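What you see is a predicted model; the values in this text were computed from it and never measured. To find a chain, count down the sequence lines: A is the first, B the second, and so on, and within it residues start at 1.
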Number of protein chains: 2
Amino acid sequence: MSSKYPAGRLPEPPSPIADDGDETHFCGTCAFSSACIAAGYDKPELAELQCLVEHVGPFRAGEHIFRTGDPFRAIFAVRGGTVKTRMVDKEGREQVLGFYLPGEVIGLNAIYPEHFPCDAVALDTAFFCRFSFPAMSALAARVPAVQQHLFRMLSKELGTASLLAGDHSADERVAAFLMDLASRYAARGFSATRFHLSMSRGDIANYLRLAAETVSRVLSRFRNQKLIQIEGRELHLLDPAGLRKIGQALLPD
Amino acid sequence: MSSKYPAGRLPEPPSPIADDGDETHFCGTCAFSSACIAAGYDKPELAELQCLVEHVGPFRAGEHIFRTGDPFRAIFAVRGGTVKTRMVDKEGREQVLGFYLPGEVIGLNAIYPEHFPCDAVALDTAFFCRFSFPAMSALAARVPAVQQHLFRMLSKELGTASLLAGDHSADERVAAFLMDLASRYAARGFSATRFHLSMSRGDIANYLRLAAETVSRVLSRFRNQKLIQIEGRELHLLDPAGLRKIGQALLPD
DNA sequence: GCGGCACCTTGATTCGGATCAATTCCCGCC
DNA sequence: GGCGGGAATTGATCCGAATCAAGGTGCCGC
């Protein structure tokens, strides 16, 4: 796509949260890595994979990667930056569905309806690998590893809803949210104890089905208890084990 | 329906909620129908489809179709009866993830972890088509329609979580729950205004993240408002439009 | 530097639903 | 037919988080 300079006027994109140097390393941490590798290694499909992947972006904070109702043609792997997905009901109330970090994939929930059922909005400067879905599924039919990878990604995302499930206290939810982010950063090779919250308190609250004030209070309490250090959106987890304990009912294992 | 002999010792399975006569018609209403038809029609794959499908059951109320941690080998289409899926945390608290009606498919969330992440429990006498997943994905690689169908089923289930999303009132949740059941029954050819709730109030409450007492109160209120007629678990929707209006924030469209 | 604005924090009050408690109902069982 | 137990209903009370309200802070454009 698109929009080298989407709504702004900065001449060159800054290097946001990801983009840890060389491309090869990034691809190693991407959700598609095994599919790409399986398809790419010394095979004629390599050429095809190349042509079904397209680098898009940058998108700047607040810009849409896709909008509710857009026809579904591709899925997107986050290469750098952070994205939220959200639905807006007809009364205009926003519902945040999820946050996506570098290496994660958005758009899978659009396969069935064939139109995007939600918006995807960049929270900071973000860019993507765009995978044409028709091309991708054609490739999947020929390369079992690609097919399996798609199945696994879809299935994995099914398991994600559990962070919201259950009637849990605000403390449990926030602790679980922080630990979930930590483990996802860790899985992509970032620090699991120090990171930047790209989303506002309001977005966190909305995602966790709490009020923004409640999130703020819980974070203050966690700080007083020396569980975290937080200044604005810069977060340092001082006692991950303690947080894990608080959020354990919502966390895997 | 149902459970003429729910927890008894009947020698032969009764005809529960589904099984509306002949098999062909049932398959027409099943979530797999298009995949089966695509695979089956005059093709050599027919034989293979036959061998990857296996009819299992009956399971009686309370019996497990699979348990958390079981190795994942197959997915199951409900042929008759009703199923709930649930997770039980280490403190022993149950979390109901969903209810599955005839024609719907369970087990998709086990592909990625390769073990079932939840239990599936029959709520009344239930039976299934069991699809070996390795065989299914091998078939999918050869028959594009089957692959596409799997993608679509997985993606569709991703959209389902929205019933629980958002901070909605008990009235909204219960109304949306009833309308969701109604539309799913309608999609499979059953009545959309009269049906049996196979699950207890406690299960409904757990699924909707409410207390059982709250569900009971809301249903009583809906009855007083002439929105529904309910006696035990027999439900008659008197004013679907009214219910849809109450639950609209959670419902599609 | 200054004003405007969005975001965040903290306190006071309110409210929806959870919890506790008491019957009642329904069914299988003796 | 009577008994026992789980499920459902209904009422009384309590509590956690929402809401309302009032600053504080940082950032951007002018």
Tell me the interatomic distance from [X], atom [atom1], to [N], atom [atom2], rounded to whole angstroms.
{"X": "B/N206", "N": "D/dA8", "atom1": "CG", "atom2": "P", "value": "13 Å"}
{"X": "A/L208", "N": "D/dA18", "atom1": "CG", "atom2": "P", "value": "10 Å"}
{"X": "A/L123", "N": "C/dC7", "atom1": "CG", "atom2": "P", "value": "12 Å"}
{"X": "B/R173", "N": "C/dG17", "atom1": "CZ", "atom2": "C1'", "value": "11 Å"}
{"X": "B/I230", "N": "D/dT10", "atom1": "CD1", "atom2": "C1'", "value": "15 Å"}
{"X": "A/L210", "N": "C/dC8", "atom1": "CG", "atom2": "C1'", "value": "16 Å"}
{"X": "A/L197", "N": "C/dC7", "atom1": "CG", "atom2": "C1'", "value": "14 Å"}
{"X": "B/M199", "N": "D/dA8", "atom1": "CE", "atom2": "P", "value": "11 Å"}

Checklist entry - In terms of the nearest nucleotide of DNA chain D, which residue is placed more toward the 5' end: A/T214 or B/S200? => result B/S200
State which of [options] makes the closest approach to the side chain of [X].
{"X": "A/S220", "options": "C/dC7, C/dG17, C/dT10", "answer": "C/dT10"}
{"X": "B/E213", "options": "C/dT19, D/dT19, D/dA17", "answer": "C/dT19"}
{"X": "A/R223", "options": "C/dT10, C/dT19, C/dG17", "answer": "C/dT10"}
{"X": "B/R217", "options": "D/dA18, C/dG17, C/dT19", "answer": "C/dT19"}
{"X": "A/A170", "options": "D/dA17, D/dA7, D/dT10", "answer": "D/dA17"}

Using a 4.0 Å heavy-atom cut-off, does [X] contact any base of the nucleic acid, only the sugar-phosphate backbone, or nothing at all?
{"X": "A/S216", "result": "base"}
{"X": "A/L219", "result": "nothing"}
{"X": "B/R221", "result": "nothing"}

Item to check | A/N206 side chain vs A/V96 backbone, donor-acceptor pair below 3.5 Å | outcome: yes
Checklist entry - A/F59 vs A/F128 aromatic rings, parallel, tilted or perpendicular, using cut-offs 30° and 60°? => result perpendicular
Checklist entry - Going by the angle between their ring planes, with limits at 30° and 60°, are B/F190 and B/Y185 parallel, tilted or perpendicular? => result perpendicular
Next on the checklist: Does C/dT9 have its OP1 or OP2 closer than 4.0 Å to a side-chain nitrogen or oxygen of A/R201?
Outcome noted: yes
Checklist entry - Under 4.0 Å between a side-chain N or O of A/R233 and OP1 or OP2 of C/dC8? => result yes
Checklist entry - Out of A/T82, A/I65, A/I106, A/L123, which one pairs with A/Y100 under the side-chain contact (heavy atoms from CB on, under 4.5 Å) rule? => result A/I106
Checklist entry - Any salt bridge between A/D167 and B/R209, counting N to O under 4.0 Å? => result no
Item to check | Base C/dC26 to side chain B/E231, donor-acceptor N/O within 3.5 Å cut-off | outcome: no
